[in-house]
Amino acid sequence: MAVASAGLTLPAVVEELLSEMAAAVQENARSTGRRACVAALKFIFGPSAIQALDLVDRQSITLISSPSGRRAYQVLGSSGKTYTCLASCHYCSCPAFAFSVLRKSDSLLCKHLLAVYLSQVTGTCRQLKVSDRQLTDVLFTEKKQKA
């Protein structure tokens, strides 16, 4: 893994780490390279990294896309509840995101959003194509459940 310069922010370091993971996946890197990436994820994200990797391994992430190009991810959490993630604006509907990321600023990501990014890198998310109306219904259903 490349050494980050002192001027980089943590999100930039995370983006660089994910880019390096994508390159390692494409090159079918040896296990030592994968271990280094996992160690770096654990260092940056703590226990959430292992939980996110578990979600990826269980193929719990589904990319829902519509003809207009809109995209949302649904992640089946370890509790059995489904959360909606919007990678384009760095958002997850789970309580941990609202509390730890938005309110307390303790974390950059929740495990669900990290799992989305990892599934993008590894190319392991399931894909579901729906109409624009169906995607709107998915997003509004999530909002209604919270209310």
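Predicted model, so just to flag it, every value in this text is computed and none were measured.
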> Which pair of heavy atoms, one from K111 and one from A52, lies closest together, and at what distance?
Replying inline: O-CB, 3.4 Å
> After noting the C-alpha distance and the side-chain angles of V138 and V130, does the key distance pass the side chain to side chain contact (heavy atoms under 4.5 Å, CB included) rule?
Replying inline: CA-CA 10 Å; V138 165; V130 297; 5.9 Å; no
> Looking only at atom types and distance, does a side-chain atom of S100 sit under 3.5 Å from a main-chain N or O of F97, one as donor and one as acceptor?
Replying inline: no
> What about F99 and V75, same hydrophobic cluster or not, with Ile/Leu/Val/Met/Phe/Trp/Tyr joined at side-chain heavy-atom distances under 4.5 Å?
Replying inline: no
>> Would you compute the distance between atom CG of L135 and atom OG of S68 and round it to the nearest 0.5 angstrom?
In response: 7.0 Å
> Of the non-hydrogen atoms in H112 and G77, which two are nearest, and what is the gap between them?
Replying inline: NE2-CA, 4.1 Å
> Is there a side-chain contact between L139 and T84 (heavy atoms, below 4.5 Å)?
Replying inline: yes
>> Taking S60's backbone N and O only, do any of them form a donor-acceptor pair with R126's side chain (distance below 3.5 Å, no angle check)?
In response: no
> Quick one: CG on L63 to OG1 on T124, what's the gap to the nearest 0.5 Å?
Replying inline: 11.5 Å
> Between L128 and Q74, is any pair of side-chain heavy atoms under 4.5 Å apart?
Replying inline: no
> Does the pair R71 and I64 meet the rule for a side chain to side chain contact (heavy atoms under 4.5 Å, CB included), with working shown?
Replying inline: CA-CA 6 Å; R71 298 160 49 113; I64 303 172; over 6 Å; no
> Do side-chain atoms of S66 reach the backbone of S131 as a donor and acceptor pair under 3.5 angstrom?
Replying inline: no
>> L118 vs L53, test: side chain to side chain contact (heavy atoms under 4.5 Å, CB included). Steps then yes/no.
In response: CA-CA 7 Å; L118 292 171; L53 287 167; 3.8 Å; yes
> Do L114 and L108 belong together in a cluster built from hydrophobic side chains that touch within less than 4.5 Å?
Replying inline: yes
> Hey, what do you get for OG (S48) to NZ (K42), rounding to the nearest 0.5 Å?
Replying inline: 13.0 Å
> side chain to side chain contact (heavy atoms under 4.5 Å, CB included) between T62 and Q127: does it pass, once the steps are laid out?
Replying inline: CA-CA 5 Å; T62 302; Q127 300 202 14; over 6 Å; no
> Tell me, do S78 and R58 make a side-chain contact under 4.5 Å, heavy atoms counted?
Replying inline: yes
> What is the distance from atom CZ of R133 to atom OG1 of T136, rounded to the nearest 0.5 Å?
Replying inline: 6.5 Å
>> How close do L102 and A98 get, counting heavy atoms only, and between which atoms?
In response: CB-O, 3.4 Å
> Do Y73 and L86 touch side chain to side chain, with heavy atoms closer than 4.5 Å?
Replying inline: no
>> Working to the nearest 0.5 angstrom, can you tell me the gap between I61 CD1 and S119 OG?
In response: 4.5 Å
> Side-chain heavy atoms under 4.5 angstrom apart, residues restricted to Ile, Leu, Val, Met, Phe, Trp, Tyr: same cluster for Y91 and L113?
Replying inline: yes
